[in-house]
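Sequence lines set the chain letters: A, B, ... in the order given, protein chains first and strands last, and positions in each chain run from 1. Computation of the quantities below employed the complete heavy-atom set of this structure, encompassing side-chain atoms and omitting hydrogens, waters and symmetry-equivalent molecules.
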Number of protein chains: 2
Amino acid sequence: MNKLILLIMPKSADEKRIKILESAKRRFAHYGMSKTTMAEIAKDLSFSKALLYYYFPDKNSLYCAVLDYVITEQEEDILEVLKPVKNTEQAVMIILEKRMEYIKKYYNLFEYTFNASKDVPEDLGKVIICSFEQQHLQIISILKNGVKCGELIIDDYDETARLLLFSLMGMRMIVIKDIKHSFFPTKEEFDAILEMQKKMAKIFIKGLSV
Amino acid sequence: MNKLILLIMPKSADEKRIKILESAKRRFAHYGMSKTTMAEIAKDLSFSKALLYYYFPDKNSLYCAVLDYVITEQEEDILEVLKPVKNTEQAVMIILEKRMEYIKKYYNLFEYTFNASKDVPEDLGKVIICSFEQQHLQIISILKNGVKCGELIIDDYDETARLLLFSLMGMRMIVIKDIKHSFFPTKEEFDAILEMQKKMAKIFIKGLSV
DNA sequence: TATTGAATATTTAAAAGAATTAGTCAAATA
DNA sequence: TATTTGACTAATTCTTTTAAATATTCAATA
C-alpha cells in the first residue's frame with residue numbers, strides 16, 4: 001500500500017529542488033555558468049523554465065546553490081578521509097590532494113567564481129567567504145591538533161592558518177597565471193601545482209615544528 | 001674648451017634614447033601603458049612623434065624598454081642595500097620591502113604587465129621571465145649563503161627558491177584578488193600584504209633551518 | 001644619420017539593431 | 001493552496017557599422 005502511494009504521489013518539492021541542483025551542476029561543470037542557459041537546464045529535466053524560477057529566484061541564486069552543494073560535498077568528503085589521520089603533515093597533504101581533485105572535476109563550475117574579480121554578487125560573495133572560513137577553520141583544527149600532539153608550536157592559530165592558506169591558494173594562482181593563456185590549466189599543470197603546494201606545505205609545517 | 005664643445009655638441013643618440021625612456025617612464029607610471037600616447041611622450045620632450053620611432057620600433061618595445069629600465073634600477077637598489085646584510089631572514093625582509101616599495105611607486109607601469117594574462121607579446125614575456133629569473137637567482141644566492149653560514153640546510157636550491165618565490169608572489173595576488181574590486185590596492189592594502197609576506201617568509205626560513 | 005610633417009593603417013569607442021536569454025505573470029492543474 | 005506552464009516582457013549579449021583616436025610609415029630635409 002505504501003509503495004503504491006509512493007508511486008502515485010508526485011515527487012516532493014525538495015526532491016525536485018535537488019533534481020534541479022543536480023541538473024544544473026552537470027551543466028555548469030561541463031559548460032560553465034555563462035554557457036549554460038536556464039532553458040537548457042529545464043529541458044534536461046522536461047520541466048518548464050518557469051518552474052526553475054519557482055524554486056530559485058534567479059540564475060545567480062541557482063549557481064550559488066550549486067556551488068554550495070558541491071563545496072559541501074567536498075567538505076564532507078575531506079572530513080571523511082581525514083578521520084584516521086593524526087599526523088599534521090599527512091593531514092595537509094590529503095587536504096591538498098582532495099581540493100585539487102575537486103577543482104579538476106568541477107573546473108568549469110569553479111571557473112566563474114574564480115574569474116569574477118569585479119562586482120561579485122552579494123550571495124556569491126557569501127558562499128566564497130563561507131568556504132574560505134571553512135578551510136581556515138579546518139587548518140586551524142589541524143594545527144591545534146599538531147600542537148596538542150607536541151608536534152608544533154604556534155602562538156597565533158588564526159594568523160598562521162591564514163598564512164598557510166594564502167600561500168597555497170596564491171601559489172595555485174601564480175602558477176596558473178604563469179602558465180598563462182587561458183585560465184584552464186591542463187591536467188599536467190594541475191599536477192605540477194599540487195606538487196609545489198605539497199613541498200611548500202612541508203617546509204611551512206617544519207617551520208612550525210618544535 | 002671641452003666645456004664649450006659639450007655645450008655646442010648636440011646630445012648624443014644614447015642621451016636622447018634615455019630622455020625618451022625617462023619621459024615614457026613618467027607617463028607610464030602615472031597613467032599606465034594604455035592611457036599614454038606616443039604623441040604625449042613626444043610632446044613632453046618637444047620631439048616629433050616620428051623620432052620616437054627612430055629610437056624604438058613600436059610602442060610595445062618602448063614599454064618593454066621602460067619596464068626593463070625600472071627593473072634594473074630596482075635590482076641595483078636591492079643589491080646596494082643588501083650589501084651589509086648577512087642574516088638570511090633579514091635579507092629576505094629587505095627584499096620584500098624593496099619590491100613592495102617599487103610596486104607602489106610604479107604601480108601603473110607594472111599594472112599593464114600584471115593584467116596581461118593573454119597574448120603577452122614576445123618581448124614583454126622575455127622581460128618578465130628575465131626578471132623572474134633574476135629574483136630566483138637572488139633568492140638562491142641568499143639561501144646558499146644561509147647554508148654556508150650553517151644557518152640553513154637545503155638539498156635543492158633551485159626548487160626551494162622557486163617555492164618561496166611562488167608563495168610570496170602568489171600571496172600578493174590572492175590578497176589583491178581577495179580585496180577585489182579593481183586591481184589597485186591602496187597603500188594600506190599593500191602594507192597588509194607586506195606584513196603577511198614577511199611572516200610567511202619567516203616561517204618558511206625557519207622550516208629550512210638546521 | 002637624425003629629424004620632421006604629412007599620409008596611412010590599426011585600434012579603440014560609441015551607436016544601433018538583431019538575437020539570445022533571463023525573468024515575470026495570469027491562468028491552469030491537481 | 002501549492003505547483004506548473006505557455007506566452008509575454010525585460011535585460012543582456014552579440015554583430016555590425018561608423019567615427020574618432022592613435023599607432024605606424026615614409027618621402028623629404030637639414
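Under 4.0 Å is where a charged nitrogen must lie from a carboxylate oxygen, and between A:Lys25 and A:Glu73 at least one such pair does. Under 4.0 Å is where a charged nitrogen must lie from a carboxylate oxygen, and between A:Glu80 and A:Lys83 at least one such pair does.
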Summary of protein contacts for nucleotides 23-30 of chain C, nucleotide by nucleotide, where a base hit scores B, a sugar-phosphate-only hit scores S (4.0 Å, heavy atoms): BBB-----

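One finds the CD1 atom of B:Ile95 at 5.0 Å from the CG atom of B:Leu82 (value rounded to the nearest 0.5 Å). Taken from CD in A:Glu111 to CG in A:Leu109, the straight-line distance is 10.0 Å, to the nearest 0.5 Å. Summarising the geometry, atom OG belonging to B:Ser167 is positioned 13.5 Å from atom CZ belonging to A:Phe166; distances are rounded to the nearest 0.5 Å.
For A:Tyr54, counting side-chain heavy atoms from C-beta on, the closest listed nucleotide (D:dT5, C:dT1, D:dT3) is D:dT3. Side-chain atoms of B:Tyr55 lie closest to C:dA2 of the nucleotides D:dT22, D:dG6, C:dA2.
Rounded to whole Å, atom P of C:dA6 lies 17 Å from atom CG of B:Leu51. Across the protein-nucleic acid pair, A:Phe56 atom CZ and D:dT3 atom P stand 13 Å apart, rounded to whole Å. Rounded to an integer number of Å, the gap from A:Lys43 NZ to D:dT4 C1' is 19 Å. For the pair B:Leu45 CG and C:dA2 P, the computed distance is 17 Å after rounding to whole Å. Atom-to-atom, CG of B:Leu62 to C1' of D:dT24 comes out at 14 Å; the value is rounded to the nearest Å. In this structure, the CD atom of A:Glu15 is 16 Å from the C1' atom of D:dA2, given to the nearest Å. The separation between A:Lys16 atom NZ and D:dT5 atom C1' is 11 Å, rounded to whole Å. Atoms NZ (B:Lys35) and P (C:dT11) sit 18 Å apart, rounded to a whole Å.
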Test log, rule side chain to side chain donor-acceptor pair (under 3.5 Å), inputs B:Tyr69 and B:Glu22: CA-CA 9 Å; B:Tyr69 189 66; B:Glu22 295 277 5; 2.7 Å; yes

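Note on B:Ser61: nothing from the nucleic acid sits closer than 4.0 angstrom, heavy atoms only.
A cation-pi geometry, defined here as NZ or CZ lying under 6.0 Å from the six-membered ring centre and within 45° of its normal, holds between A:Lys144 and A:Tyr157.
Annotation: proximity of residues 24-32 of chain B to DNA chain D (heavy atom, distance under 4.0 Å) is found for no residue.
Listed by first and then second residue, the side-chain hydrogen bond (donor to acceptor under 3.5 Å, both in side chains) pairs that reach into residues 43-53 of chain B are B:Arg27-B:Asp44, sequence neighbours excluded.
The aromatic rings of B:Tyr112 and B:Tyr63 stand perpendicular to each other, their planes meeting at an angle above 60°, with 30° marking the opposite boundary.
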